[in-house]
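What follows is a single structure, written as C-alpha cells, with notes after it.
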Protein chains: 2
Amino acid sequence: MDNKKSEEKKPDTEALIFEAAKKVFGMKGMAGARMQEIADEAGINKALLHYYFRTKEKLFEAVFTAIFQSFFPKAMSIMVNPEISFRDKIEKFTTVYISLIQENPYIPGFMLHQLSTGGTEKIVNLFRESGIKPDFFFQQVEKEIQKKTISSVNPMHLIVNMISMCIFPFIGKPFLSTFLFQDAEAYDQFLEERKKEVPRFIINSIQKT
Amino acid sequence: MDNKKSEEKKPDTEALIFEAAKKVFGMKGMAGARMQEIADEAGINKALLHYYFRTKEKLFEAVFTAIFQSFFPKAMSIMVNPEISFRDKIEKFTTVYISLIQENPYIPGFMLHQLSTGGTEKIVNLFRESGIKPDFFFQQVEKEIQKKTISSVNPMHLIVNMISMCIFPFIGKPFLSTFLFQDAEAYDQFLEERKKEVPRFIINSIQKT
DNA sequence: GTCTATACGGTGATAGAC
DNA sequence: GTCTATCACCGTATAGAC
C-alpha cells in the first residue's frame with residue numbers, strides 16, 4: 001500500500017492512528033481503551049502515538065471532534081433547511097441519519113461513552129460551534145399544525161422520537177442481533193428496512209386523516 | 001443511622017457497597033469506575049470492598065445482574081401476558097418501562113457500557129435465564145393485523161420503535177437537558193409527558209382509521 | 001468486620017538511539 | 001519519523017494488626 005506516487009498520498013501515519021483510535025475508542029470508550037491496542041491496530045509503535053498526539057486525552061478529543069463534525073451538522077442541516085418540505089424532512093432525516101451511522105459504525109459508541117461518562121461539555125461546545133438552531137424545525141412543526149396538515153403534536157417529543165428510533169438500533173445492536181436476528185445479514189437488512197419504516201411510522205402517526 | 005434496633009436492620013455494609021457500586025459503575029462504566037471512589041461513596045474502606053466481593057469484576061457482575069433482573073423481567077412480562085389487550089399492552093409497557101428507569105437511574109448507564117463494550121454474553125445469559133419469549137408478542141401483533149384492528153406493521157420494527165422511544169431519552173439525558181430544556185425540572189416533566197405521548201404516538205401510527 | 005500499610009502489575013508517557 | 005528501553009504513577013488486590 002506504499003507504492004503509489006509518494007507525492008500524492010503517502011500512507012500517512014497520522015491517518016492510520018486516527019482510524020485505529022476511532023475503532024478502539026468507539027468499542028472500548030475513553031477509559032477502557034488502551035494506547036497499546038490502538039498502536040497495534042494501527043500497526044505502529046506506542047511511542048508514535050505520543051509523537052503525533054501528545055496524550056491519550058488529546059487523541060480522544062481529536063477523534064471525537066472529527067466524528068461529531070462528520071455527521072451531526074450533516075444530519076441537522078436537513079432539519080433546519082427551509083427549502084425542504086416538512087414531510088420530506090422527516091424522510092430525509094431518518095434516511096440520512098441511519099446511513100451516516102451505517103458508514104461510521106463508531107459514532108454511537110463515542111456518543112454513548114461521552115454521554116454516560118458525563119463529559120457533556122465537549123459535546124455542548126461542538127454543538128454550539130456548529131451554529132445549528134433547532135428552533136427552526138420547531139417553528140415548522142407549529143406551522144404545519146396550524147395548517148392542519150398534521151395533528152397536534154409536541155415538537156419536542158416528535159424530534160426525540162425521531163432521533164430515538166434512528167439511533168437506538170445501533171446502540172442495541174449486540175442485543176438485537178442476538179435475540180431478534182439470526183445473523184449479521186438479517187440485522188443489516190433490518191437497518192435497511194428502517195430507512196423506509198421509520199419515516200412511515202412517524203408520518204402515519206402525525207398526519208391528519 | 002445506626003441507632004435502630006440492631007436486630008432488625010443493621011446498616012448492612014454489603015448493601016451500602018452495593019448501592020455505591022450501582023451509582024459509580026452506572027456513571028463511569030466498568031473501566032472508568034475506581035474502587036476507591038466506590039469505597040468513598042459507601043463511606044467505607046477500599047479493602048472492605050474486596051472483603052465482600054473478591055474482585056472488581058465480581059462486584060460489577062453482581063450489581064449488573066441485580067439491576068438487570070430488577071427491571072427487565074418486569075417490563076417484558078407485560079409484553080407476553082396473554083391477559084392484557086394489545087392496546088393496553090403498549091400503554092402499560094411504555095409507562096412501566098419509563099417509570100422503572102426513572103426509579104433506577106443507573107440502568108441505562110449499565111446497559112450502555114455493557115452493550116458498547118461488547119460484553120453481551122452476560123446479558124444474553126440473563127435474558128435466557130429470565131425465560132421470556134418475545135414470540136408471544138409477535139403473534140399477538142399478527143393476530144391484530146388479521147383482525148384488521150391495526151394496520152400492517154412489521155412487529156420487529158414496532159417493538160424496536162417502542163423500546164427506542166422509551167430508553168433513548170434517558171441515554172441522551174445530558175444532551176437533551178442541555179439543548180432542549182432549561183433545567184432538570186423541565187426534563188423530568190418531559191419524561192412524565194412521555195408516558196402519555198409515546199403510547200399515543202405509537203397507537204396513532206398503527207391503528208386502522 | 002474493619003482498618004492501615006504494602007506488594008504487584010499494568011499503563012501513559014518520556015528519553016534517546018537510529 | 002520510528003523504534004526500544006525505561007520511568008513514574010495509579011489502581012487492584014492482599015497481608016496483617018486490631
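Throughout, protein chains are lettered first and strands after them, A, B, ... in sequence-line order, and every chain is numbered starting at 1. Just so you know, these numbers use all the heavy atoms, side chains as well, and skip hydrogens, waters and symmetry mates.
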How about B/Tyr106 and B/Phe25: are their ring centroids closer than 6.0 Å?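 No: the rings miss the under 6.0 Å criterion.
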On the 0 to 90° scale, with breaks at 30° and 60°, tag the B/Phe190-B/Phe181 ring pair as parallel, tilted or perpendicular.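 Because their plane-to-plane angle lies in the 30° to 60° range, the rings of B/Phe190 and B/Phe181 count as tilted.
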Hey, does the side chain of B/Lys56 reach the backbone of B/Met30 with a donor-acceptor pair shorter than 3.5 angstrom?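 Confirmed, B/Lys56 side chain pairs with B/Met30 backbone.
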Does the A/Asn161 side chain pair with the main chain of A/His157, one donor and one acceptor, at a distance under 3.5 Å?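 At least one qualifying donor-acceptor pair exists.
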Check whether the side chains of A/Gln36 and A/Asp40 place a donor and an acceptor atom closer than 3.5 Å, and report yes or no.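 There is such a pair (donor and acceptor under 3.5 Å, judged by atom type) between the side chains of A/Gln36 and A/Asp40.
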Using the heavy-atom set of chain B and a strict 4.0 Å cut-off, write down the first and last nucleotide of DNA chain C that makes it in, 5' to 3'.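 Footprint of chain B along DNA chain C, 5' to 3': C/dG1 to C/dT4.
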Can you tell me if A/Lys195 has over 12 outside heavy atoms packed within less than 6.0 Å of its NZ?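 More than 12 heavy atoms, drawn from other residues, nucleotides or ligands, come within 6.0 Å of this atom.
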For nucleotides 10-14 of chain D, list the nitrogen or oxygen atoms of the protein found under 3.5 Å from its nitrogen or oxygen atoms, one pair per line.
unit_1: D/dG11; atom_1: OP1; unit_2: B/Arg34; atom_2: NE; d: 3.2
unit_1: D/dT12; atom_1: OP1; unit_2: B/Lys56; atom_2: NZ; d: 3.2
unit_1: D/dT12; atom_1: OP2; unit_2: B/Met35; atom_2: N; d: 3.1
unit_1: D/dA13; atom_1: OP2; unit_2: B/His50; atom_2: NE2; d: 3.1
unit_1: D/dA13; atom_1: OP2; unit_2: B/Lys56; atom_2: N; d: 2.7

Does the side-chain hydrogen bond (donor to acceptor under 3.5 Å, both in side chains) test come out yes or no for B/Arg194 and A/Asn154, once each step is laid out? CA-CA 10 Å; B/Arg194 280 188 88 71; A/Asn154 181 327; over 6 Å; no
